[in-house]
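The sequence lines fix the lettering, A, B, ..., with proteins before strands; numbering per chain opens at 1.
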Amino acid sequence: MFEPVRGKPDFPAVEKAIADAWRVDGTYAKSLERRRGAKRFVFYEGPPTANGMPHPGHCLTRAIKDLYPRYRTMRGEYCERKAGWDTHGLPVEVEVCKELGIHSKAEIEAFGIEPFIHKCQQSVWRYMREWEALTERMGFWIDLSAAYVTYHRSFVESVWWALGELFDRGLLYEGHKIVWWWAQGGTALSSGEVGQGYKEVADPSVYVAFPLVDDAGRPTARSLVAWTTTPWTLPSNQFAAVHPDLTYVVLRETCSPGAVPADRVAAEFIVAESLVAAFTEKLKTSFDVVETCQGATLVGRSYLPPFDTFRPAGAPTTAPLLAGGADAIAWRVVAADFVTTDSGTGIVHVAPAFGEVDYGVLVAEQARFAAGSGPGLLNCVAPDGTFTDVFPMGSGRFVKECDRDISRDLRGRGLLVHQEQYVHDYPFCWRADSDPLIQYPRKSWFIRTSQFRAQMLANNERIDWLPEHIKQGRFGNFLETNVDWALSRERYWGTPLPIWRCETTGRTEAVRSFDALLAKPGVSGADAFDRAHAADPTLSPDLRVHKPYIDAVTYDSPFAAGSRMRRVTEVIDCWFDSGAMPFAQWGWPHAGHAEFAAQFPADFISEAIDQTRGWFYSQLAISTLLFGPGASPALPAGAAPPAADYPHPFKTCIVLGHMLGEDGQKMSKSRRNYKEPAAIFDAYGADALRWFFFATQPPWTTIRYSERAIRESVPEFLLRLWNVYSFLVIYARIDGFDPASFLADPGTLDHADLARARGWRPVAERGELDRWMLSELADATAVMVDRLDAYDHFAAAQRLSALVDAVSNWFVRRSRDRFWAAGRADGGPDTDPAKLEAYWTLYETLLTLTRLAAPFVPFVTEELWRNLATVPFGDRVPTSVHLTDYPMARADLVDGDLVRRMALVREIASLGRAARANARLKVRQPLAKVEVIVADARADDVRWLEAHADLVCDELNVKQFEICREPDRYIARVVLPDLKKLGPRLGKDLPRARDALAKADAVALLTALQQHGRAEVPLAGGGVAVVERDDVLVRTTAKPGWTAAESPLAVVVVASELTADLVAEGLVREVVHAVQTQRKALDLEFTDRIELAFATDSADLRAALEAHRDYVAAETLAVRATVAAGAGDGESVDIDGHPLTISIRTVG
RNA sequence: GCGCGCGUAGCUCAGUUGGUUAGAGCGCCACCCUGAUAAGGUGGAGGUCCCAAGUUCGAAUCUUGGCGCGCGCACCA
């Protein structure tokens, strides 16, 4: 028999008990064990960084990541869930720096790389307990004990293999990258960090003359005018760029004859034509246009840079071009598409060292020249942000501080055409906000991803993205504009780049594993870690492959005898770690061959939208490069490459929206605009939070996280489900309904299993309400499976919610009299078959519902399963709902007609109540009659309705139900045009046709359409519109003066006249209600019998009670009911204005 | 600035290929029902469908241009 249920559930307490039981029982492991050998459902955990507290956004991700593996497991698939942790990267270093109170790389090095790394490794786990606790508390089933960790040696070595592979295929190369550089701290900043530090500042804005030169290199009187807001980059000028398609003009200042300005060398300026007006305005003078030309004609002209920092005197230095001929290597006009006329002069000063676009110009120019003869990178700024001796004017001073001197110098030489202040946003260091960042070239290692653009796009094409627009939108666009992956980081805590360089020749090679390194000739330094470990045995052996120990390992150079190979100093971008996890989580290809073969690619992954350029990209890029078509990776013995078929490494990806705080702003700790997940769990439970995530919005919308919304999502589903369950248990205990006493061999309590129960009646033989309930159940099951297979849990959750509503507000309510009937449901001689049937139906429905809901709300469903299945049946049934199979719809139980008709009855009942409310007739007051006008119903539905008059009467507390045969008494009909049909045909005549239809005699029109199939409607202003039967819609409206309610399906009219008998019945119902209230107040058991004594001065009420004495007694479980005149003992109540005292005595 | 997404009731969101009076849930108010009920029912109040222009017989829906929010890429000579 079921255990008693407490009426007011304490979900958090239930969940804790369930979680404990799972832990003790090893339920997760069992759920896997059951499916061993089955078809795999491959899931990858995108590794969270355990370097901060988990927040509600992480809960959403983890809820989604839990739902589908649970579902698929119940569907019979084998889904391993290996946890993972992202442990490398700048955020970890920053965290440690904060702790140490230091900032810059110099300070880290002063502290010591070795102890710094140790601190990083320890710091990573700082919040791990929190993460693990959250994971368990949420019911996120994942194997934390087998988690992969990106700093572990096996993971690092997998990454090394991947990088070695790329290196050997020539896909890993060294180049320059223009980075945002914090000169004072000596470090590059990530784009995220740069984004945090923008400030609006006023910088000098200078217009500088670049005089064109003649063949001998002498300046002419004609100058290009370039514009810049960073004067300090002018000494490193290398090119001037124009747009080839723009029109440029040569201007000569209009001045009084003979008065040539003395302070200007150039008398003629070249600027873009469209900027002449702005330019003239700035200079507050006037110009004559001397000449007009296309930008293309300027290309190739040489000019004099503003400083002779790098330019030798004399004619321009030229070098041979690959295409033949020769060209000046620098200080030449080039064509560039990025030149715009939004501001400036249409002529761009190009200093490749200090701008990414500028650097692109240099790279393009270098490609035109024979190798080695083209332009090099000109740079007179040191990494600390000061000018080098190459530019004596600023030597040793921070570049930005030299802007003023540079301007002054230019003015002195007559090259400064104009100067002003320019207000714009400029990035500063987020840690030291007075330090401006500068763009600066750094050596960097790159992966040649841009060469694989087409393959990555082809791979992307095959991925199922949810929402769909990610594929062609955000992600597709990102791939289209792919640039090579800047892999290296000049930092400390990360996977070391496994490249060793010859001291002498500078030649490099990649190492694919630590053993391969040890096998190198003349290797030394591998003992550095051993010594450290001997000194501190707590040191993790995983640090062996990290800085600084790995840097100590050197070996003989194969490129130059007697020379040593040393590792390059960089570590790599930690996104590469995360993207390598599909194989690196197994240590593949050095180990884990079987695991990798079975777990690639993933069927399903999910993260928030910010991972588009993060984990989604890193995975796709690495997988495409390593395993795409044409790649034949060199593998250790035993390892086999995966199939190259797209998509890989993941097939379906749900991209989650971001979660905002209570105020609709970004969640932020400092703003305190969200509740900690733990507080939500304690107050409402994990299932409440999960249901909120699943059922309140599609997962890719931006979610407003609000405690109120979570709280409010509880009653509509969890509580309602619990109430139904509680109802079943309460009455089953009273009536002795113990399913185990009917069923020796319960199997998994599926429909077919229950059918073996003693006294089971096939569904087809059961009452209509039961057949309807099981039909709804089967339909919901079909919808759920269909939606979940399509990764549409939002729709599935909504269907589930509707099902619970159907059970609670229709099946249980309509079945109450069966549950409350006198007989028992224990299979004994007193058993009432109708009651037993109701139990079986409700029991089956709840069991199935529990399994349907299990992946969504694993705790509550487990509790239901426990009491409904394992308590009665013990170990004859699965010990956990998560060890059952997901229900599959029984098409044979779906009765579409019944479902449609029951919906119609529910609609009529609802309309009837609305009609009563309109007339202020409460439901306890019986009424004589209800009439229903059904719109467009099928004849057999109407017959069915008439056969269910009792049901409607009962719901509405009326004596008689009738389908109205003369609807025109109550309703008016309006004929409306079906705009979708008539619109295209009538076009501009439509408004007139609509008016004509509205004015026409609806009955006559409908009759005509019925008989002839068509009718002609005269239009105002002439002409007629031909209307056919299907071109119109008929709307029925209750005529004024009737107590009625309407919907598109029906109009329900309630007869509102009251007779004396009806009034008496109403009074009696009121009395019954009053008695029930008393019973409740006296805390009587549902089964307690009572004696009733009524006393009232009202003769009407006495008469009513005497007339319906048996009814009152039956309804209130009274063995006796007496009615006396006058005032009696007991509770005094008012029955519609009649005084009454009720005295209740329990008997037995 | 560029790209992607979003903008509908106090809140969270639906709104099919353009179509008739823009819906639901929650919240609020009123009434009702209640022998599972922190539940349920009925009604009410609550909307410039972000703004503007255009296309169309007809626009929340399509087009264009703005505005606001989020994210990403840049911040630019």
Side-chain angles (χ1 to χ4, degrees), chain A residues 5 7-9 191 194-195 198 226-230 233 240-241 336 338-340 342-345 347-351 354-358 424-427 467 469-470 473-478 481 608-610 612-613 657-658 660 664-666 696-698 700-704 706 708-709 712-716 719-720 722-731 801 805 808-809 812-813 816 819-820 909-910 913-918 920 922-924 976-983 986-994 1033 1035 1045 1073 1076-1077 1079-1080 1084-1087 1115-1117:
Chain A
V5 178
K8 292 178 184 176
S191 67
V194 175
Y198 276 91
W227 176 67
T228 180
T229 55
T230 50
T233 62
F338 60 77
V339 176
T340 66
D342 297 340
S343 55
T345 59
I347 298 172
V348 173
H349 146 65
V350 178
F354 308 113
E356 215 171 330
V357 179
D358 306 51
H424 63 159
D425 289 332
Y426 194 86
H469 62 73
I470 300 284
R474 190 176 285 232
F475 197 69
N477 288 347
F478 179 62
T481 58
I609 184 131
D610 54 24
T612 318
R613 287 106 207 276
H658 267 135
L660 304 177
Q665 302 289 108
K666 256 172 102 155
T696 46
Q697 62 272 300
W700 40 81
T701 53
T702 305
I703 298 171
R704 177 96 69 101
S706 102
R708 205 185 61 146
E712 287 168 357
S713 76
V714 174
E716 69 163 16
L719 200 53
R720 232 190 273 183
W722 186 272
N723 287 336
V724 174
Y725 153 72
S726 159
F727 178 93
L728 171 72
V729 171
I730 287 169
Y731 288 99
S801 203
D805 178 70
S808 175
N809 290 324
V812 169
R813 197 154 61 80
R816 273 182 182 154
F819 287 110
W820 296 339
S910 169
R913 277 190 291 268
R916 292 188 73 115
N918 283 341
R920 306 216 160 272
K922 54 188 172 183
V923 180
R924 267 200 296 266
L976 295 170
D978 186 338
L979 297 176
K980 278 190 184 178
K981 296 212 174 80
L982 285 175
L986 297 180
K988 284 191 198 301
D989 289 337
L990 192 75
R992 285 189 295 152
R994 179 164 47 192
L1033 304 169
R1035 168 164 300 188
H1073 177 227
Q1076 306 291 30
T1077 310
R1079 282 190 64 119
K1080 209 170 180 179
L1084 300 188
E1085 288 300 315
F1086 303 142
T1087 49
E1115 286 294 304
T1116 59
L1117 292 186

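Two residues, Phe727(A) and Asp610(A), neighbour RNA chain B, and the one matched to the more 5' nucleotide by heavy-atom proximity is Phe727(A).
Partners of Thr230(A) according to the side chain to side chain donor-acceptor pair (under 3.5 Å) rule, which considers only residues two or more places apart in sequence or in another chain, are Thr228(A), Thr233(A). Every residue was checked against the salt bridge (charged side-chain N to carboxylate O under 4.0 Å, His left out) condition with Arg474(A), not counting sequence neighbours, and none meets it. Applying the salt bridge (charged side-chain N to carboxylate O under 4.0 Å, His left out) rule to Asp610(A) yields no partners; only residues at least two apart in sequence or on another chain are considered. For the salt bridge (charged side-chain N to carboxylate O under 4.0 Å, His left out) test, residues two or more places apart in sequence or in another chain that qualify with Arg813(A) are Glu955(A). Considering only residues two or more places apart in sequence or on other chains, Thr345(A) meets the side chain to side chain donor-acceptor pair (under 3.5 Å) condition with none of them. With sequence neighbours excluded, the residues that form a ring pair (Phe, Tyr, Trp, His ring centres under 6.0 Å) with Phe727(A) are Tyr731(A), Phe819(A). Applying the side chain to side chain contact (heavy atoms under 4.5 Å, CB included) test to Ser808(A) and every residue at least two apart in sequence or in another chain returns Arg720(A), Val724(A).
For the pair His1073(A) and rU34(B), the criterion of a side-chain N or O lying under 4.0 Å from OP1 or OP2 is met. Checking the phosphate oxygens (OP1, OP2) of rA77(B), no side-chain nitrogen or oxygen of Thr230(A) falls inside 4.0 Å.
Counting to the nearest Å, the P atom of rC75(B) and the CG atom of Asp358(A) are 10 Å from each other. Summarising the geometry, the separation between CG on Leu728(A) and P on rU37(B) is reported as 15 Å, rounded to the nearest angstrom. Separating the CZ atom of Phe475(A) from the P atom of rC73(B) is a distance of 13 Å, rounded to the nearest angstrom. To the nearest angstrom, P of rU37(B) lies 15 Å from OH of Tyr725(A). In this structure, Ile470(A) atom CD1 and rC4(B) atom P are separated by 12 Å, rounded to whole Å. In this structure, the CH2 atom of Trp700(A) is 20 Å from the C1' atom of rG72(B), given to the nearest Å. Rounded to whole angstrom, the span from the CD1 atom of Ile609(A) across to the C1' atom of rG5(B) amounts to 7 Å. Asn477(A) has its CG atom 9 Å from the P atom of rG5(B), to the nearest Å.
For rU63(B) and rG18(B), the C1' atoms lie 13 Å apart once the distance is rounded to whole Å. rC69(B) sits 44 Å from rC31(B) when the P atoms are compared, rounded to a whole Å. With both ends at atom P, the span from rG54(B) to rA9(B) equals 26 Å, rounded to whole Å. Atom C1' of rU34(B) sits at a distance of 10 Å from the matching atom of rG41(B), rounded to the whole Å. The same atom, C1', is picked in rG40(B) and in rG3(B); the two are 49 Å apart, to the nearest Å. Comparing rG23(B) with rG15(B), their P atoms sit 15 Å apart, to the nearest whole Å. Taking atom P in both rC67(B) and rG25(B), the straight-line distance is 38 Å, to the nearest Å. Rounded to whole Å, the separation between the P atoms of rC26(B) and rG70(B) comes to 31 Å.
Distance alone, capped at 3.5 Å, is enough to place a donor-acceptor pair between the Gln1076(A) side chain and the Glu1115(A) backbone.
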Polar pairs (N or O, both sides) under 3.5 Å between protein and nucleotides 39-43 of chain B?
{"residue": "rG40(B)", "atom": "O2'", "partner": "Asn809(A)", "partner atom": "OD1", "Å": "3.4"}
{"residue": "rG41(B)", "atom": "O2'", "partner": "Arg913(A)", "partner atom": "NE", "Å": "2.7"}
{"residue": "rU42(B)", "atom": "OP1", "partner": "Ser910(A)", "partner atom": "OG", "Å": "2.7"}

Nucleotides 63-65 of chain B: which of its N/O atoms have a protein N/O under 3.5 Å away?
none

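If you check rA14(B) for Watson-Crick or wobble pairing at under 3.5 angstrom, you find it has no partner at all. For rU61(B), there is no paired base (Watson-Crick or G-U wobble, both distances below 3.5 Å). Across every strand in view, rU37(B) sits unpaired, with no contact that passes the Watson-Crick or G-U test at under 3.5 angstrom. Across all strands shown, rC29(B) pairs with rG43(B); the Watson-Crick or G-U wobble distances both stay below 3.5 Å. Across all strands shown, rG5(B) forms a Watson-Crick or G-U wobble pair, both distances under 3.5 Å, with rC69(B).
Using a 4.0 Å heavy-atom criterion, one finds that Pro698(A) contacts the sugar-phosphate atoms exclusively. Val812(A) comes within 4.0 angstrom of a base, heavy atoms only. Residue Ser801(A) is classed as having no contact, given no heavy-atom separation below 4.0 Å to the nucleic acid. Val724(A) comes within 4.0 angstrom of a base, heavy atoms only. Heavy atoms of Thr612(A) sit nowhere under 4.0 angstrom from any nucleic acid atom.
Using a 30° and 60° split on the angle between ring planes, Phe475(A) and Phe478(A) fall in the tilted class, from 30° to 60°.
Here the side chain of Arg613(A) is nearest to one of rA77(B), rC73(B), rU12(B), namely rC73(B). Listed candidates were rC71(B), rU12(B), rG3(B). Nearest to the side chain of Thr696(A) is rU12(B). If you check rG72(B), rA14(B), rA77(B) against the side chain of Arg474(A), the one that comes closest is rG72(B).
Of all non-hydrogen atoms in Asp358(A) and Ala351(A), the two that sit nearest each other are OD2-N, 2.9 Å.
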